[in-house]
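Scroll down for the structure; my scribbles are underneath it.
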2 protein chains.
Amino acid sequence: MTETPRRRVPRAEREAQMRAVAEEIFAERGFVAASMDEIAERCGISKPMLYEYFGSKEGLLVACIRAARADLAATTTAAVVGAAGPEDALRRGLVAFFRFTDARRRSWSLVLRNEAAVAGPAATAEVEAGRQQQVEIDIALFSAFLPHAPRLDLEAAAQVVVGACERLSLWYVGRDDVTAEQAADHLMRVLWTGLRSMLDPGPDDTVDGTVDSPTWTPVDRGIDAPTSG
Amino acid sequence: MTETPRRRVPRAEREAQMRAVAEEIFAERGFVAASMDEIAERCGISKPMLYEYFGSKEGLLVACIRAARADLAATTTAAVVGAAGPEDALRRGLVAFFRFTDARRRSWSLVLRNEAAVAGPAATAEVEAGRQQQVEIDIALFSAFLPHAPRLDLEAAAQVVVGACERLSLWYVGRDDVTAEQAADHLMRVLWTGLRSMLDPGPDDTVDGTVDSPTWTPVDRGIDAPTSG
DNA sequence: GAGGTAACTTACTTGAAGTAAGGTGAACCA
DNA sequence: TGGTTCACCTTACTTCAAGTAAGTTACCTC
């Protein structure tokens, strides 16, 4: 037992480690039951370090959420690049989303199953910002291809998509007999016809999967920090 | 200042008061920041009473959620009775839902904005049970009128509806320029065509609002307690 | 009005969030 | 090679809220 004599680790690396451990423990015990002492211990350091780097327990959670959010945004954005049209773009995005939530199911529930708001306003804001980001992406997608629709309709439609995604991902993650593609297909079948007709009430066959528009290139807006202070 | 000398109050009445006060304070401060001492004080009693009646802070939250859940179920169920067909039934249910969330917006966010899971497994289960209840109601509605669809599709569709409702209600509650009816209309327009075609892929005009079926009478399953012990 | 019980209280323990103040090792300069 | 420095890290606290043990008091019943 040659007790490693506590190596000193540069800030960035230590921070990443702390985030990883915290994500794990939050997912394991829930935010309230998780203790900063335990997180510190499993990192092999002492508690004040956590406070030094993240300010508070909530701050630590916010950092976890933000990191996950960045990952998700990058993943889905990448998946959508080069889609053949709006339908294809939406489907690709959905598949990427469901794959992501499946791969990180434990820590995903940290956000989805609502571990967040408990922590306080900052964590709530962070989660809400993530949803809003998705809403904006959806709106951009819809309006790029279907410019006739009024803003209110776009927004409502985007909210519907985001809500449906969120719930369906939990359902999907809980079943082994459904693939990400199938989940996306389910959602597309329910949503697409309605979305199309609602957003663009022109002749019914104008848009039909493959479209005259060029390939879809999403807006990359990265993470828009709500309040970093 | 004739300090009312602390009237003694029967259990049922006191419990109701405690729930009301707790709902208020939870909504006001968030679950974590709310203190049992403050709740007790605002009730005009001392803390151990809360523990006597609800067992724990989480227990108190669970009681609040369950009460709200019962209200919601009763409200929507009542609204749907006597609908002219599946579309009408769904629309009525949605309108009732949005009205409900609007009327109780503060405490609703207690559930929706995720104040729940923070508390622990019991509160999470309670919220999830509420959603599942909605899912079951939707499934019953769909399958009663559209019996051709496989169970998996019904379930996926119901999840989509519940998720969309949840998100759209938050959106709707945050705006003064949208009525409950408009929110329901938005949702119906996005969902209904897809739902209809997905659930019953027969001739496209078989179902069209008014239907040959008799008026819709929902299953009243009340509150199905997850684990009361 | 005696007695029992449901409603209620005071006064504590426990445990985790957050903090003050100081130790230590590695990089860098002479 | 030795000293200086600063980022990394610790010990040892304070504070505050959840939860509890044990006892007290008003109301109801006979």
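Throughout, a chain's letter reflects where its sequence line sits, starting with A, and its residues are numbered from 1.
No side-chain heavy atom of B:Leu90 sits under 4.5 Å from any side-chain heavy atom of B:Val80.
Within the structure, every side-chain polar atom (N or O) of A:Tyr51 is placed at least 4.0 Å from both OP1 and OP2 of C:dT19. Applying the 4.0 Å criterion to OP1 and OP2 of C:dA6, one finds that B:Arg14 has every side-chain N and O outside that range. For the pair A:Arg11 and D:dC9, the criterion of a side-chain N or O lying under 4.0 Å from OP1 or OP2 is not met.
Ring geometry, A:Phe26 versus A:Phe31: the interplanar angle falls from 30° to 60°, so the pair is classed tilted.
If you measure from atom OH of B:Tyr53 to atom C1' of C:dT9, you get 13 Å, rounded to the nearest angstrom. Remark: P of D:dT20 and CZ of B:Phe54 are 16 Å apart, rounded to the nearest angstrom. One interatomic measurement links the two molecules: CG of A:Leu50 to C1' of D:dT10, which rounds to 13 Å at whole-angstrom precision. What separates CD of A:Glu52 from C1' of D:dT11 is a distance of 15 Å, to the nearest Å. Taking atom CG on B:Asp37 and atom P on D:dT15, their separation rounds to 17 Å, with Å as the unit. Across the protein-nucleic acid pair, B:Glu41 atom CD and C:dT10 atom P stand 12 Å apart, rounded to whole Å. Atoms CD (B:Glu15) and C1' (C:dC8) sit 15 Å apart, rounded to a whole Å. The separation between B:Glu13 atom CD and C:dC8 atom C1' is 15 Å, rounded to whole Å.
Of the two residues contacting DNA chain C, namely A:Lys47 and B:Met49, the nearest-nucleotide position lying further toward the 5' end is that of B:Met49. Sequence order on DNA chain C of the closest nucleotides to A:Ala34 and B:Ala12 puts B:Ala12 first from the 5' end.
Taking 4.0 Å as the cut-off between side-chain N and carboxylate O, B:Arg105 and B:Asp102 count as a salt-bridged pair. The residues B:Glu24 and B:Arg42 are annotated as salt-bridged, a charged nitrogen and a carboxylate oxygen being separated by less than 4.0 angstrom.
What you find for B:Arg167 and A:Gly163 is that their closest heavy atoms are CB-CA, 3.5 Å.
For B:Ile45, counting side-chain heavy atoms from C-beta on, the closest listed nucleotide (D:dC9, C:dA7, C:dT9) is C:dT9.
Using a 4.0 Å heavy-atom cutoff across all strands shown, B:Ala40 reaches no nucleic acid atom at all. Residue A:Ser46 is in base contact, counting any heavy-atom pair closer than 4.0 Å across all strands shown.
Looking only at atom types and distance, the side chain of B:Arg14 has a donor-acceptor partner in the side chain of B:Gln17 under 3.5 Å away.
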task = Take nucleotides 20-25 of chain C nucleotide by nucleotide from the 5' end and write B, S or -, depending on whether a protein heavy atom sits under 4.0 Å from the base, only from the sugar-phosphate, or from neither.
result = B--BBS
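Counting atom types as modelled, B:Lys57 pairs no side-chain N or O with a base atom of D:dG19 as donor and acceptor under 3.5 Å.
Distance alone, capped at 3.5 Å, places no donor-acceptor pair between the A:Gln159 side chain and the B:Ala164 backbone.
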